[in-house]
Structure formats: C-alpha cells, structure tokens
Amino acid sequence: MLIVKKFGGTSVANKDRIFNVAGRIREEYKKGNEVVVVLSAMGKQTDALLDMAKEINPSASKRELDMLLVTGEQISVALMAMALDTLGVPAVSLNAYQVAMHTTSVYGNARLKRIDPERIQNELESKRVVIITGFQGVNKFDDYTTLGRGGSDTTAVALAAALHADACEIYTDVDGVFTADPRIVSKARKLDEITYDEMLELASLGAGVLHNRSVEMAKKFGVQLVVRSSLNNSEGTIVKEVVKMEKMLVSGVACDKNTARVSVVGLEDQPGVAFKLFNLLANHNINVDIILQSIGRDGTKDISFTIKEDDLEEAVNILESHREGSLKCQKIDTEREVAKVSIVGAGMMANSGIASKMFEALYDVGINIKMISTSEIRVTVLIDETQVEKAMNAVHDKFLFAM
Ligand code: ADP
Ligand code: ASP
Ligand code: MG
C-alpha cells in the first residue's frame with residue numbers, strides 16, 4: 001500500500017514531537033508500506049517568519065514573502081529525515097522544486113497544477129520514506145510560490161491523487177473534525193464521517209482543521225481523507241462523498257474572524273454600478289463574500305460586502321482611488337471588528353425554519369446580526385467580533401447539543 005501522511009505544525013513543533021511522528025512513520029514503514037510524508041513548518045514558524053518580514057518591510061512583495069515562507073517547511077522535512085535516520089529508517093527530504101510541483105503564478109495564493117511523480121516514485125522504489133515540504137510550489141518563472149495559509153493539507157491531497165495513493169491521512173492536534181472548533185465550543189462532538197460538500201463549506205467558512213482547497217481537490221479526484229490526532233490513536237473523521245450516518249440537520253458551526261465589512265455609500269442608482277465596483281476588486285484578486293444592496297432612494301443606493309480582513313487595506317485603496325472617477329460614490333465606510341458565524345448541513349435543504357432557529361439562538365443571547373447570507377446547505381451571519389464565542393456556543397447548543 002502507498003500511504004500519504006500529513007503532519008501539521010503543532011505535530012512537529014519540537015524535538016519530542018518530531019520523534020513522536022518519526023515513530024509513527026517507522027511503524028507504517030515496518031508494515032511494508034510505501035510512505036510519503038508531507039510536513040508543515042514547525043509550530044508557529046510561518047507566523048514568526050511573517051513577523052520578521054514585517055519588521056524589515058511592512059509592504060514586502062509577495063514574491064519575496066514566498067521565498068521566505070518556504071524555508072519553514074524545508075527545516076521540518078530535513079529534521080524529520082534526520083530523525084528517521086536515527087531510527088534506522090531510510091528517508092529523503094524533498095522540496096517543491098526537487099519534486100517539481102507546478103503551480104499558478106499567484107504568489108501567496110497559488111494553485112497546484114501538476115506534480116511530476118517520477119522523482120518520488122524512484123525514491124519509493126529505493127525503499128525510502130519520502131518527506132515532502134507542504135504549502136509550496138514552483139511557478140512558470142521558476143519561482144517559489146505558497147498555497148495560502150494551511151496549504152499543506154492541499155499538498156498532501158494533491159500528492160495522494162498524483163501517486164494514486166491507497167490512503168491519505170491528515171494528522172493534527174485534535175482528534176478529528178468536530179461539530180465546531182473544540183477550542184471555542186467545549187461541548188463540540190467529534191464526527192465519525194462527513195461529506196466532502198459539508199466539509200468544504202465548513203472549511204471555507206473558517207473551520208481551519210482542513211484547508212478548503214484540499215477538500216475541493218479530494219472531492220474532484222475521489223481521495224478519501226482521514227483527519228486524526230498525531231498524539232493518540234483514536235479513529236479520527238473520514239471525509240468522503242456519501243456518509244452512512246443519518247443526515248443531521250446541521251453538521252457543524254464555524255466562525256471566521258478574518259473578515260471585514262466595506263460599505264460603498266451613495267452610489268448612483270444606475271445599471272452597471274455593481275459591475276464596476278466588483279470588477280475593480282476582482283481585477284486585484286480580492287474575493288468578495290456576503291453582498292447586500294440597499295433599495296435605491298433619491299437616485300442613489302449603497303452596496304455593502306465582506307472581504308478578508310487581510311485584503312481590507314488594498315480594497316480601500318483601490319476604491320478610494322476610483323471614488324471620484326468611475327465609481328462615483330459619496331463615501332466608503334469600513335468595519336474590521338466583525339466576524340462570520342455559519343451553520344452547515346446537507347439536511348437543511350429539505351427543512352424550513354433552520355435560519356430562523358439560528359437567529360433565535362442569537363436573539364436569546366442578545367447578539368445583533370449585521371448581515372445575512374444563505375445557500376442550500378448553510379446560513380451565515382455577520383456579527384461583532386467580540387461576540388463570536390458567545391454566538392458559536394449559543395448556536396451550537398441550539399442545533400447540536402443533546403443529540
Ligand atoms: P495543523 O497545524 O495540524 O494543520 P491547524 O491548526 O491548521 O492544525 O488545524 C487544527 C485546528 O483546527 C484545531 O486545533 C482546532 O482549533 C481548529 N478547528 C477549527 N474548526 C474545527 C473543527 N470543526 N473541528 C476540529 N478542529 C477545528
Ligand atoms: N506552514 C503553513 C501555515 O502555517 C502551511 C500549513 O501549516 O499548512 O500556514
Ligand atoms: Mg492546518
């Protein structure tokens with residue numbers, strides 16, 4: 001069997017953790033399996049590198065940031081190969097350049113396009129464990145790129161697909177996928193299984209346990225994922241197309257604090273205004289999430305929307321620079337201290353009243369809703385960031401507790 005195992009930052013944060021992981025890899029290797037390992041940078045190393053860059057140059061180019069960030073994963077893979085060597089397991093570490101992991105050109109948010117499996121296959125044939133840097137790739141300019149925060153999960157799934165692996169295991173610091181982040185909602189329960197669609201929604205709405213693109217890719221290539229702890233032997237959560245369990249109305253609650261609201265006030269109430277506004281943002285790769293437009297009054301209207309808080313400065317600069325020109329609006333108003341709270345569940349499709357039940361839960365704890373957005377399998381509200389913990393617990397209690 002060929003098995004891809006991915007270990008996140010906390011799982012390789014120090015010497016003891018590295019040897020703990022090396023021990024688990026040795027167990028798998030001793031069974032006669034081929035093992036490909038994907039690692040994240042140790043602990044909070046990626047954050048530390050970003051802080052270091054900020055001190056030198058707060059507006060450093062994304063190319064140079066990627067050049068810096070890829071070093072984090074190179075440290076962990078090299079140390080892991082050394083640890084395996086001391087345990088008598090032949091291993092080789094490879095970075096994205098050595099493997100040839102081709103991505104799109106967008107620094108900081110590249111997408112994997114193609115992986116050449118040859119080098120990895122040769123190493124596996126030589127009976128080595130292959131340890132590969134997560135989160136990074138190489139673009140058509142032969143530059144390093146990164147896949148977005150949390151992107152090592154996507155590296156693992158892409159490798160599992162490219163190598164036709166028999167299993168893809170994501171090891172992390174919790175026992176699996178829970179009904180909510182167990183660090184925020186103490187009553188959250190571990191799920192035995194979850195569908196790709198529900199997991200994709202949860203991941204996209206802020207459940208950082210899996211990178212959302214990894215789920216997208218797993219669904220596309222039919223890679224079944226197991227999310228489990230690197231610190232114990234509990235079963236974990238299987239992420240797959242169809243689950244056996246009776247569908248729950250709501251399978252999870254997620255929150256995303258990396259959110260900001262922008263309101264463009266006093267736009268002309270004319271055809272083409274929304275197009276002009278969102279086209280400006282799209283041209284700069286800024287993704288817009290919840291959109292709310294007011295009814296036109298006295299020939300003007302307002303459009304509010306949410307974006308990633310990381311994109312706020314750039315978005316405001318772009319909009320301000322067009323405010324008196326093509327955009328023609330009175331003012332641009334922003335709010336940083338907001339967060340999204342969402343419920344996700346395939347069972348929602350056939351049941352009315354789910355949204356109102358969520359709003360009731362928030363009303364019961366006195367939380368004001370700023371914006372609302374829904375799809376067939378989710379409801380999202382925008383609230384004050386300071387109230388996220390209270391909101392998550394109230395909503396989780398309403399739908400998922402006492403089951
Ligand atoms: P890794 O470094 O292993 O990739 P991450 O920090 O990226 O770990 O992801 C694991 C974390 O995801 C957990 O520690 C937990 O706080 C958070 N998390 C958020 N939502 C969920 C959820 N629904 N289920 C489990 N963990 C979640
Ligand atoms: N080290 C990267 C990050 O912290 C990638 C990852 O952990 O998946 O975002
Ligand atoms: Mg992660």
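Counting starts at 1 for both ligands and their atoms, following the listed order. The residues of the chain are indexed from 1 along the displayed sequence.
Distance from atom 2 (O) of ligand 1 to its nearest protein heavy atom, with residue and atom name: Gly9 N, 3.1 Å. Taking atom 7 (O) of ligand 2 as the reference point, the nearest protein heavy-atom neighbour is Ser40 OG, 3.1 Å. Looking from atom 26 (N) of ligand 1 to the surrounding protein, the closest heavy atom is Val209 CB, 3.5 Å. In this structure, the protein non-hydrogen atom closest to atom 17 (C) of ligand 1 is Asp181 OD2, 3.6 Å. Protein heavy atom nearest atom 4 (O) of ligand 2, with residue, atom name and distance: Arg149 NH2, 2.9 Å.
Inclusion of Asp153 in the set of residues having an N or O under 3.5 Å from an N or O of ligand 2 is not warranted. For the pair Asp153 and ligand 1, the shortest N or O to N or O distance does not fall below 3.5 Å. Of the polar atoms of Ser40, none of the N or O atoms is found under 3.5 Å from an N or O of ligand 1, judged by distance alone. Geometrically, ligand 1 and Gly206 share no nitrogen or oxygen pair separated by less than 3.5 Å. Polar contact with ligand 2: present for Gly150 (N/O pair, distance under 3.5 Å).
Only the side chain of Val174 comes within contact range of ligand 1, with a heavy atom under 4.0 Å; no backbone atom does. Under 4.0 Å from ligand 1, not a single heavy atom of Ala254 appears. Neither the backbone nor the side chain of Met199 comes within 4.0 Å of ligand 1, counting heavy atoms alone.
Listed for the Glu28 side chain is no donor-acceptor partner under 3.5 Å among the backbone atoms of Ile25. Judged by distance alone, with hydrogens and angles left aside, the side-chain atoms of Ser126 form no donor-acceptor pair with the main-chain N or O of Arg128 at under 3.5 Å.
Tested against Leu210, the residues Ile170, Leu200, Leu202 include a single side chain to side chain contact (heavy atoms under 4.5 Å, CB included) partner, Ile170. When the options Asp66, Thr71, Asn95 are evaluated for a side chain to side chain donor-acceptor pair (under 3.5 Å) with Tyr144, the one that passes is Asn95. For the side chain to side chain contact (heavy atoms under 4.5 Å, CB included) criterion with Arg119, the lone passing option out of Leu94, Leu124, Val99 is Leu94. For the side chain to side chain donor-acceptor pair (under 3.5 Å) with Arg149, the lone residue among Asn109, Asn258, Asp47 that qualifies is Asp47. Among the candidates Asp289, Leu292, Leu277, the single residue satisfying the side chain to side chain contact (heavy atoms under 4.5 Å, CB included) test with Phe305 is Leu277. Among Val177, Asp153, Val227, the one residue that satisfies the side chain to side chain contact (heavy atoms under 4.5 Å, CB included) test with Thr172 is Val227. Each of Ser152, Ser11, Ser76 was checked for a side chain to side chain donor-acceptor pair (under 3.5 Å) with Ser40, and the lone residue meeting it is Ser152.
No heavy atom of Gly8 sits closer than 4.0 Å to any atom of ligand 2. In this structure, Gly9 has no heavy atom closer than 4.0 Å to ligand 2. Taking 4.0 Å as the cut-off, Lys6 counts as a neighbour of ligand 1 on heavy-atom distance. Not a single heavy atom of Gln45 lies less than 4.0 angstrom from ligand 2. For Gly208, the closest heavy-atom approach to ligand 1 falls below 4.0 Å. For Ser11, the closest heavy-atom approach to ligand 1 does not fall below 4.0 Å.
Checking Asp173 against Thr10 by side-chain atom types alone, a donor-acceptor pair falls below 3.5 Å. Neither side chain, Asp197 nor Thr195, offers a donor N or O lying under 3.5 Å from an acceptor on the other. Judged by distance alone, the side chains of Asn139 and Arg63 never bring a donor and an acceptor atom under 3.5 Å apart. Side-chain polar atoms of Arg111 and Thr154 form no donor-acceptor pair below 3.5 angstrom.
Using a 4.0 Å cut-off to heavy atoms of Gly176, the atoms of ligand 1 that qualify are 24 (N), 25 (C). Atoms of ligand 1 lying under 4.0 Å from any heavy atom of Val177, numbered from 1 in the order shown and given with element: 24 (N). For ligand 1, the atoms sitting less than 4.0 Å from at least one non-hydrogen atom of Asp173 are 10 (C), 11 (C), 13 (C), 14 (O), numbered in the order shown with element in parentheses. For ligand 1, the atoms lying closer than 4.0 Å to a non-hydrogen atom of Thr172 are 1 (P), 3 (O), 8 (O), 9 (O), 10 (C). Taking every heavy atom of Phe178 and a limit of under 4.0 angstrom, the matching atoms of ligand 1 come to 22 (C), 23 (N), 24 (N), 25 (C). Distances below 4.0 Å separate heavy atoms of Glu73 from the following atoms of ligand 2: 1 (N), 2 (C), 5 (C).
Which of His211, Arg183, Lys190, Lys44 comes nearest to atom 14 (O) of ligand 1 through a heavy atom is settled by distance: it is Arg183.
Around CD of Gln224, the count of heavy atoms belonging to other residues, nucleotides or ligands within 6.0 Å exceeds 12.
Protein heavy atoms come within 4.0 Å of atom 7 (O) of ligand 1.
No salt bridge links Lys328 with Glu268; every basic N to acidic carboxylate O contact stays at or beyond 4.0 Å. Taking a cutoff of 4.0 Å between a charged side-chain nitrogen and a carboxylate oxygen, Asp269 and Arg297 do not qualify as a salt bridge.
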